[in-house]
Amino acid sequence: MPELPEVETVRIGLERWAVGRTIAAVETYGDRTLRRFLAGPGEFAARLVGRRIEAARRRGKFLWLPLDDGAHLLAHLGMSGQFRAVSPDEPDASHLRARFRFTDGGTELRFIDQRTFGGLSLDDSGETADGAPQSLAHVAPDPFESAFSDARFVAAIRRRRTGLKRAILDQTLISGIGNIYADEALWRAKLHYARATEGLRRPEIDRLLAAARAVMADAIAAGGTSFDALYVAVNGESGWFDRSLEVYGREGEPCSRCGTAIVRQQFTNRSSYLCPRCQPRPRRGRW
DNA sequence: ACATCCACCTGCTCGC
DNA sequence: TGCGAGCAGGTGGATG
């Protein structure tokens, strides 16, 4: 379940269903489930058994569970990953990638991932200065973190020579934003995706940050965006923010501000939705 | 260092 | 009905 609001919905579920429990057994399936953990599935399980999960944290779209020995169980949902808390006698879903049993004998935690772009890892290399596991050092803070600095973001994005949407999708500049919320934030801020980053004015960047925070906060409050059963919370529930989307997936529908038909354009092999009137194409844009 | 492209997957929908 | 093409919310490694 991909972007920040959906991952946050999962994090809240992990807090509810996994934190405070001690792992009794771990099984992983498929050779793409474990990432950057060369010791292999046997060692992965051995290192986790007996460990208590202390918290559920998130930076952008990355999740991690700090363990009582100082290591971190990392997870990324990719395009289709889910965590589900289910009764042990519930039949396995197709695409089950990992199973965590707990010493209390209660609900299992299952990691399910159809497209296998997601994965799990175990990182015991400590934390960065701003409190993320070392292996996430390349990921910028997301705009809800206290470690996020608006001033540093402004300087960093202006240093780039690229288009605005490319920049906000770059997780090393700002994390958590994906294709849906990029389009939604750009619409709210009335900015075109091809605006050249080096020409952005401070008020425009401030507007964009405010819009990104607002749209993602609204989406978190709605439990995230669920177009279909692939994207659900840990308890299996769908979010309903798709009803509040203003441009994403709304090609041909009227812009709620000005009535102009929303258009869809190809952009780096994916789609961008925008209002051609509220978000005028720049004379000299960058893609 | 930075910008861009492409590979990595499965499954659904659409048009022929 | 069958089949191929196109599309889907992401990341990171290779290549300029």
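Just so it is clear: chains get the letters A, B, ... in the order the sequence lines come, proteins before strands, and each one is counted from 1.
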- Query: So what's C:dG4 paired with, Watson-Crick or G-U wobble, going by both distances under 3.5 Å?
  - Reply: B:dC14

- Item | Phosphate-side-chain proximity, A:Lys61 and C:dT11, N/O vs OP1/OP2 below 4.0 Å | yes

- Separation of the P atoms in B:dC12 and C:dT11, to the nearest angstrom: 24 Å

- NA contact type, A:Arg36, heavy-atom cut-off 4.0 Å: base, sugar-phosphate, or nothing? sugar-phosphate

- Query: Of the candidate nucleotides C:dT11, B:dT4, C:dG9, which contains the atom at the shortest distance from the side chain of A:Pro2?
  - Reply: C:dG9

- Query: How many Å lie between CD on A:Gln82 and P on B:dC9, as a whole number?
  - Reply: 20 Å

- Winner on side-chain proximity to A:Phe62, out of C:dT11, C:dG9, B:dT10, is C:dT11

- Which nucleotide, B:dC8, C:dG12, C:dG9, lies nearest any side-chain atom of A:Phe117? B:dC8

- Item | Minimum-distance nucleotide (side-chain atoms of A:Glu3 versus C:dG9, B:dC9, C:dG12) | C:dG9

- Task: Decide, yes or no, whether a salt bridge links A:Arg188 with A:Asp218 under the criterion of side-chain N to carboxylate O below 4.0 Å.
- Result: yes

- Give one of base, sugar-phosphate or nothing for A:Arg264, where a contact means two heavy atoms less than 4.0 Å apart. sugar-phosphate

- Item | Pi-cation contact, A:Tyr29 with A:Arg97 (under 6.0 Å, within 45°) | no

- Message: Counting only side-chain heavy atoms from C-beta out, which of C:dG9, B:dC9, C:dG10 sits nearest to A:Thr116?
- Response: B:dC9

- Query: Taking NZ from A:Lys165 and P from B:dT4, how many angstroms apart are they, rounded to a whole number?
  - Reply: 15 Å

- A:Arg270 side chain near C:dA8 phosphate (N/O to OP1/OP2, under 4.0 Å): no

- Distance in angstrom units between A:Arg115 CZ and C:dC7 C1', rounded: 9 Å

- Whole-Å distance between C:dG9 P and A:Ile220 CD1? 19 Å

- Message: Partner lookup for C:dG12, please. Criteria are Watson-Crick or G-U wobble with both distances under 3.5 angstrom; report none if nothing qualifies.
- Response: B:dC6

- Item | Distance-only polar pair, side chains of A:Ser80 and A:Asp113, donor-acceptor under 3.5 Å | yes

- Message: Check this one for me: any side-chain N or O of A:Gln114 less than 4.0 Å away from OP1 or OP2 of B:dC9?
- Response: no

- Note on the structure: Between A:His138 and A:Tyr248, whichever has its closest DNA chain C nucleotide further toward 5' is A:Tyr248

- Rounded to the Å, how far apart are A:Met79 CE and C:dC7 P? 13 Å

- Item | Interatomic distance where CG belongs to A:Leu34 and P belongs to B:dC8 [whole Å] | 20 Å

- Please determine, by modelled atom types, if A:Glu6 and A:Tyr181 share a side-chain donor-acceptor pair under 3.5 angstrom. yes

- Query: Does a side-chain N or O from A:Ser80 land closer than 4.0 Å to OP1 or OP2 of C:dG9, or not?
  - Reply: no

- Message: Give me the distance, rounded to whole Å, that separates B:dA3 from C:dG9 when you measure between the P atoms they each carry.
- Response: 23 Å

- Euclidean distance, atom CG of residue A:Leu120 to atom C1' of C:dT11 [Å, nearest integer]: 15 Å

- Picking from C:dG9, B:dG11, C:dT11, which would you name as closest to the side chain of A:His76? C:dT11

- Item | Ion pair check, A:Asp130 and A:Arg59, cut-off under 4.0 Å | yes

- Salt bridge A:Arg99-A:Asp92, side-chain N to carboxylate O under 4.0 Å: yes

- Between atom NE2 in A:His95 and atom P in B:dG11, what is the gap in whole Å? 4 Å

